[in-house]
Amino acid sequence: MASYIHIEPENCKGCGLCIAVCPGKQLSFSGKFNQHSYNYMQAKNEACTACGLCYYACPEPGAIAVHKSAAE
Amino acid sequence: MKQAEKSIQKPKSMYARFERKPGEDKTNTHYCPGCGHGIVHKLIAEALDTLDMAERTVFISPVGCSVFAYYYFDCGNIQVAHGRAPAVASGVTRANPGNFLISYQGDGDLAAIGTAEIIHAANRGEKMTVFFVNNSIYGMTGGQMAPTTLLGQKTTTTPFGREFMNEGNPIRIAEMIAILDAPVYVARASVHNIKAIMQARKSITKALQAQRDGKGFALVEILAPCPSGWKIDPQESAAWVEKNVLPVFPLGEFKDETVGREGISRARNAASDEQIISLLGLDTAPPHFALSNPKAASLRVLCAGFGGQGIMLLGQMLAHLGMRHGLEVSWLPSYGPEMRGGTANCSVVFSEEAVGSPIVEYPDLLVIMNGPSLDKFLPALVPGGVLVYNSSIIENAPRREDVQIVAVPASDLALQAGSERAANIVMFGVIVSVYGSFSEEAYSHLLAEFFTSEKILGINEKALRAGMEYARNI
């Protein structure tokens, strides 16, 4: 199982701060809206290295979790 | 469930669900999109996890956007009055030295209304870690100017931009705190971009570690974006900070004595219990006396004059006299800001039961030392009550048919005894004689208690005797 970013749609406020920090350009706006009417993020998870920078850049404690693969 | 070796996610020192938060949504913070507070919260919680401090931490929430920090942190929490977080934290750490204290404050809270509290807590080296979130604006109240607002920055209260001429310069708290001797670690960090966030993470951990290791006071000022207050998009906030904030608020460690510094020990009190008990005169039991008649057992007294005539002392002596005779007493002063020359009065209540109210609106005994007080208070004296007044100063005899009036040339008698300032003690002598309820032995005990100088005591003993003598010859 590769490393991956988990976005919790209902906890994302769509500020977009995670987009620029991702070295692998894995994050983008989903174009969909959550119950708070925020355009929440989505993660491609094609080349996540579990660097964790998106987690640290995110102001919302429950919005992003990064899971590192046992292989990496 | 997917298997992962390691996860980077919400720290354990934050609640899994924010049950204290009202409403349906128990997983989101109350902060706006792109707000720096959430990042700072995460970094603090992560450091509490890493350093294993949460179980012993008391987190002080301020007034401001972070007023609800207690929704989120899984540790002890107190939400306090505006600006007072360092004062409350000081109290908690003194009472419970085993606790770790976090004072979390915004720029309005710490740098405006709480300026005094933070400076003195830092100067005392209180064992606490202060996180000072500086977003250069009042966020919660709708974007007014903060002490940290930048020159030229438009806010609702500086619609043309802050100007030095009007509002002064933005205040640099970290630099100010760093020049004090006691703080052990003072830094300014920022959460405006990922590089700064990772540096802030180090500073926050270091400041908490300093406390864990018993070193004392640490403060980290953290520059944080407020996209709502700045009226910009969250993604523009990093560039905004680079351009506008960093030139005024440089990042860095202004003081780091975390290595090689001994902590401040408060294991010993400045004074021992014995010293305090002795200072208060509680190491010897005061003598007690019996009332010889019940006339003074229930009495409401008002003493009035101008400041400097010893009105307060007279009232205190009366209260002590009652206390020595086993009565419940109260003494309530009321005076202006002047030490001399203003008006002063005090109320004394004697009772055989607990005193319900120390306020004397309608006295049984009125002691008047000057003219204005006579005019003011004589109408309040109850019918059948006693008026004792200083006839050395008040020339026109007061007129009331329904009360007992005792004119005492108190100032003259006091002068003869050695000092006109002892007129209050002359009055005391007259009062105790008029009632005849108290033990004469108690008077000398009281005088010795109140006057420690032998010379002054001598004058007052004479004044007391003069007053008693005068009353006997009425």
Side-chain angles (χ1 to χ4, degrees), chain A residues 1-30 32-46 48-72, chain B residues 1-18 23-46 71-74 191-201 224-228 232-239:
Chain A
M1 182 73 215
S3 297
Y4 67 100
I5 302 160
H6 174 76
I7 307 275
E8 193 62 50
E10 288 306 316
N11 287 354
C12 175
K13 287 177 176 167
C15 69
L17 292 181
C18 56
I19 297 175
V21 304
C22 180
K25 306 267 179 276
Q26 298 293 296
L27 293 150
S28 59
F29 286 101
S30 68
K32 291 179 275 188
F33 296 91
N34 64 18
Q35 288 303 303
H36 308 281
S37 83
Y38 291 125
N39 178 358
Y40 59 88
M41 296 294 128
Q42 63 185 9
K44 278 195 286 189
N45 281 328
E46 288 165 359
C48 174
T49 61
C51 69
L53 296 185
C54 57
Y55 164 81
Y56 286 105
C58 175
E60 200 50 47
I64 296 182
V66 178
H67 301 288
K68 190 181 174 74
S69 160
E72 284 190 61
Chain B
M1 197 62 203
K2 292 165 182 174
Q3 290 295 311
E5 186 183 83
K6 193 184 158 206
S7 296
I8 306 168
Q9 58 193 340
K10 184 158 82 170
K12 291 187 174 59
S13 298
M14 285 187 132
Y15 291 113
R17 282 174 58 81
F18 307 139
E24 294 298 308
D25 177 9
K26 304 291 189 191
T27 53
N28 274 304
T29 66
H30 68 290
Y31 297 114
C32 305
C35 172
H37 277 298
I39 298 174
V40 178
H41 281 19
K42 284 166 69 179
L43 295 178
I44 292 172
E46 187 187 53
Y71 289 169
Y72 312 122
F73 286 92
D74 188 0
V191 293
H192 74 286
N193 68 25
I194 191 66
K195 189 176 162 221
I197 290 169
M198 300 319 276
Q199 186 57 48
R201 183 171 172 242
C226 178
S228 300
I232 59 173
D233 190 88
Q235 291 176 83
E236 296 164 5
S237 60

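Each chain gets a letter, A, B and so on, in the order its sequence line appears, and its residues count up from 1. Below, each value reflects all heavy atoms present in this structure, side chains not excepted, and no hydrogens, waters or symmetry copies.
Residue A/Cys58 touches chain B through both its backbone and its side chain, counting heavy-atom pairs closer than 4.5 Å. Contacts between B/Asn193 and chain A at a heavy-atom distance below 4.5 Å are absent for every atom of the residue. Only the backbone of B/His30 has a heavy atom closer than 4.5 Å to any heavy atom of chain A. Using a 4.5 Å cut-off between heavy atoms, A/Ile64 touches chain B through its backbone atoms (N, CA, C, O) alone. Residue contact with chain A, scored on non-hydrogen atoms closer than 4.5 Å, involves the backbone and the side chain of B/Pro11 alike. Neither the backbone nor the side chain of A/Glu8 comes within contact range of chain B; no heavy atom of the residue lies under 4.5 Å from a heavy atom of that chain.
Here the side chain of B/Lys6 pairs no donor or acceptor atom with the backbone of A/Val66 at under 3.5 angstrom.
By a heavy-atom distance cut of under 4.5 Å, A/Leu17, A/Ile19, A/Val21 are the residues of residues 17-26 of chain A near chain B, going up by number. Identified by a heavy-atom distance below 4.5 Å to chain B, the contributing residues of residues 33-45 of chain A are A/His36, A/Tyr38, in residue-number order.
Contact record, B/Cys35 with A/Pro59: O-CB, 3.2 Å, taken as the closest heavy-atom pair. Of all heavy-atom pairs between B/Gln235 and A/Gly16, the closest is OE1-O, 3.6 Å. Heavy-atom minimum distance, B/Gly34 versus A/Cys15: N-CB, 3.4 Å.
The residue among A/Cys12, A/Ala65, A/Gly52 with the most heavy atom pairs within less than 4.5 Å of chain B is A/Ala65. Contacts with chain B were tallied for A/Ala57, A/Gly14, A/Cys54; A/Ala57 has the most, counting heavy-atom pairs under 4.5 Å. Contact count against chain A (heavy-atom pairs under 4.5 Å) is highest for B/Asp25 among B/Asp233, B/Leu43, B/Asp25.
Looking only at atom types and distance, the side chain of A/Tyr55 has no donor-acceptor partner in the side chain of B/Glu46 under 3.5 Å away. The closest side-chain donor-acceptor pair between A/Glu60 and B/Thr29 falls under 3.5 angstrom.
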Next item on the list: Check the pair A/His67 / B/Gln9 against side-chain contact (heavy atoms from CB on, under 4.5 Å), numbers first and verdict last.
Entry: CA-CA 8 Å; A/His67 301 288; B/Gln9 58 193 340; 3.9 Å; yes
Next item on the list: Show your working on side-chain contact (heavy atoms from CB on, under 4.5 Å) between B/Val191 and A/Tyr56 and close with a plain yes or no.
Entry: CA-CA 9 Å; B/Val191 293; A/Tyr56 286 105; over 6 Å; no
